[in-house]
Amino acid sequence: MCQSKTSKPAQAPVDRKGFKSDGTHWASSYDPYDKSVALPSKAQIKAAIPKECFERSAVHSMYFVFRDTAWAVLCVYLANKFLSTSMPPVMSFDFVTWFVGWNLYAFWMGTVLTGHWVLAHECGHNAFSSSKLINDCVGYVLHQALLVPYFAWQYSHAKHHRRTNNLVDGESHVPSTKVENGVGPNGEKMSHYAWLHEMMGDGFFAGFQIFTHLVIGWPIYLAGFASTGRIGADGKPLGDDIADHYRPFSRMFPSRIRYKIFASTVGVLALLGYLTKLSFEHGFLPVALYYWGPYMWTNAWLVLYTWLQHNDPSVPQYGEDEWTWVKGALSTIDRPYYIFDYFHHKIGSTHVAHHLFHEMPFFKADEATAAVKEFLGPLYNYDPTPFPIAMWRIANTCHYVDGVDGIQYPKSINDCPPGLVKPKEA
């Protein structure tokens, strides 16, 4: 059985009295400082899940590809039938209906294409079918069509699963430290993000957090400028090196898969070239309306899911001295996404089970989640808060961690004393 380590944490235990579900805010009930709690092993959790939940089916999975594609075709058909790519005069009622119509198309088309994104994600985990060739072929086509470097992301996402909520060797949505955010040892706002917070105030800064995550977060992450891990594939600290998803020689990847990274990047460049060609032939606006609008919404959805699945003021992150695979996997949070569960294959409401066993097909996740919930009891994280409210709360409360060792809980720059403090010169 996987148990919490008995070594003394690197910092004083956090007072968890504020981490209580009070009917207003949900809070995780797991206390990593409670050494009397013995976490189950991966094998024990797997034994609690019906074996049929692990049976993959290419035919069943492909049905959802065709289903989601049918929805996408319907969106394009309706846009083509009722909307014009020619922009009417701005100061007219026609412009209002045109603007609203294309934004509705962008939202729903982006929502539908997120379903394709999730199916490609299943392929990357080899959960789509029992054939690796089918998985990679389908996943490559679906992801590259959304400008996702399939093989590069497949590798980095696998690391995200292997090292979930690991502050040193994790991947994707790895929190920055107080020093990296410009917060001083006593909570002083000294530079960087802390300076921005002082200029903006709590509410505008939370809005800025949402913007940076949902609007520009995904391309910045792929380019290696934010949210990546701190350790390269060679096991050495990245330091100032950029761990991007495009260069075959990026330190994010081992040399054995460089040809795959090259294939992914070629696919991205080929689609960008094709979109550029269409823009020259038909104009940039039609291409932006039909492709780039939905593309932005798809990016927003996928970042939103990952952001909310692994962040809450009551859910800890771990340094190497405290981290275990089970601790990391159980730091995942399920949330309700209502009608969007249908379009996104319940990626956000069954994510705990997925993080435990990513090779399990998505169409069995409901049954597996019920079994996991019953087996784990209070160790299972489910926040019933509507996701827009949860997003706003996290944007206000999860800004940084004190360091990268021991047990760390997210902290908020909102709680720092007002006023800027000039760093002392050496």
Side-chain angles (χ1 to χ4, degrees), residues 8-19 27-28 32-33 163-213 217 220-221 224-231 237-241 243 306-308 310-323 327-328 331 391-426:
K8 185 178 180 180
Q11 72 290 327
V14 172
D15 181 4
R16 287 184 49 87
K17 290 181 181 179
F19 298 153
S28 173
Y33 292 106
R163 310 287 277 176
T164 306
N165 280 35
N166 186 309
L167 287 164
V168 177
D169 198 24
E171 180 62 41
S172 175
H173 290 270
V174 179
S176 52
T177 64
K178 64 192 307 181
V179 172
E180 293 165 343
N181 274 270
V183 177
N186 298 310
E188 311 96 321
K189 298 177 184 177
M190 304 180 75
S191 61
H192 307 312
Y193 265 57
W195 178 85
L196 285 175
H197 179 275
E198 181 66 18
M199 298 299 104
M200 295 179 174
D202 294 353
F204 277 104
F205 187 75
F208 175 73
Q209 289 286 302
I210 292 171
F211 172 82
T212 55
H213 278 80
I220 287 178
Y221 168 67
F225 294 119
S227 193
T228 58
R230 293 181 166 89
I231 303 292
L238 286 172
D240 294 329
D241 289 351
T306 312
W307 190 21
L308 299 193
H310 301 290
N311 285 279
D312 185 85
S314 67
V315 174
Q317 302 272 343
Y318 300 97
E320 288 280 27
D321 55 331
E322 282 284 349
W323 182 88
K327 281 183 179 180
S331 296
M391 176 183 67
W392 181 251
R393 182 189 181 206
I394 290 169
N396 272 283
T397 58
C398 299
H399 297 152
Y400 68 92
V401 291
D402 282 336
V404 295
D405 55 0
I407 300 168
Q408 300 284 346
Y409 282 92
K411 293 190 175 182
S412 173
I413 300 179
N414 295 7
D415 297 329
C416 295
L420 294 174
V421 176
K422 185 177 179 180
K424 293 181 180 180
E425 296 183 0

Any side-chain heavy atom of [X] sitting closer than 4.5 Å to one from [Y]?
X      : Y      : value
Trp307 : Ser227 : no
Gln209 : Cys398 : no
Leu167 : Pro175 : yes
Asp169 : Glu320 : yes
Asp312 : Arg393 : yes

Is [X] reaching over with its side chain to a backbone N or O of [Y], donor-acceptor style, under 3.5 angstrom?
X      : Y      : result
Trp323 : Gln317 : no
Asp321 : Gly406 : yes
Lys411 : Asp402 : no
Ser314 : Ser28  : yes
Asn414 : Asn396 : yes

Will you find, in the side chains of Gln408 and Tyr400, an N or O donor that is under 3.5 Å from an N or O acceptor?
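Short answer, no.
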Partners meeting side chain to side chain contact (heavy atoms under 4.5 Å, CB included) with Val174 (sequence neighbours left out):
Arg230
Check step by step if side chain to side chain contact (heavy atoms under 4.5 Å, CB included) holds for His310 and His173.
CA-CA 8 Å; His310 301 290; His173 290 270; 5.5 Å; no
Worked check of side chain to side chain contact (heavy atoms under 4.5 Å, CB included) between His213 and Tyr221
CA-CA 10 Å; His213 278 80; Tyr221 168 67; over 6 Å; no
Using the ring of each side chain (for Trp, its six-membered ring), is His399 parallel, tilted or perpendicular to Phe205, with breaks at 30° and 60°?
perpendicular
Which atom names give the shortest non-hydrogen contact between Cys416 and Val183, and what distance separates them?
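That would be SG-CG1, 4.0 Å.
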Pair Tyr193, Ser176 - check side chain to side chain contact (heavy atoms under 4.5 Å, CB included), show working.
CA-CA 11 Å; Tyr193 265 57; Ser176 52; over 6 Å; no
Under the criterion side chain to side chain contact (heavy atoms under 4.5 Å, CB included), I'd like the reasoning laid out for Val168 against Ile231: C-alpha separation, chi angles, the key distance, then a yes or no.
CA-CA 7 Å; Val168 177; Ile231 303 292; 3.8 Å; yes
Assess whether atom CH2 of Trp195 is packed by more than 12 heavy atoms of other residues, nucleotides or ligands within 6.0 Å.
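Open.
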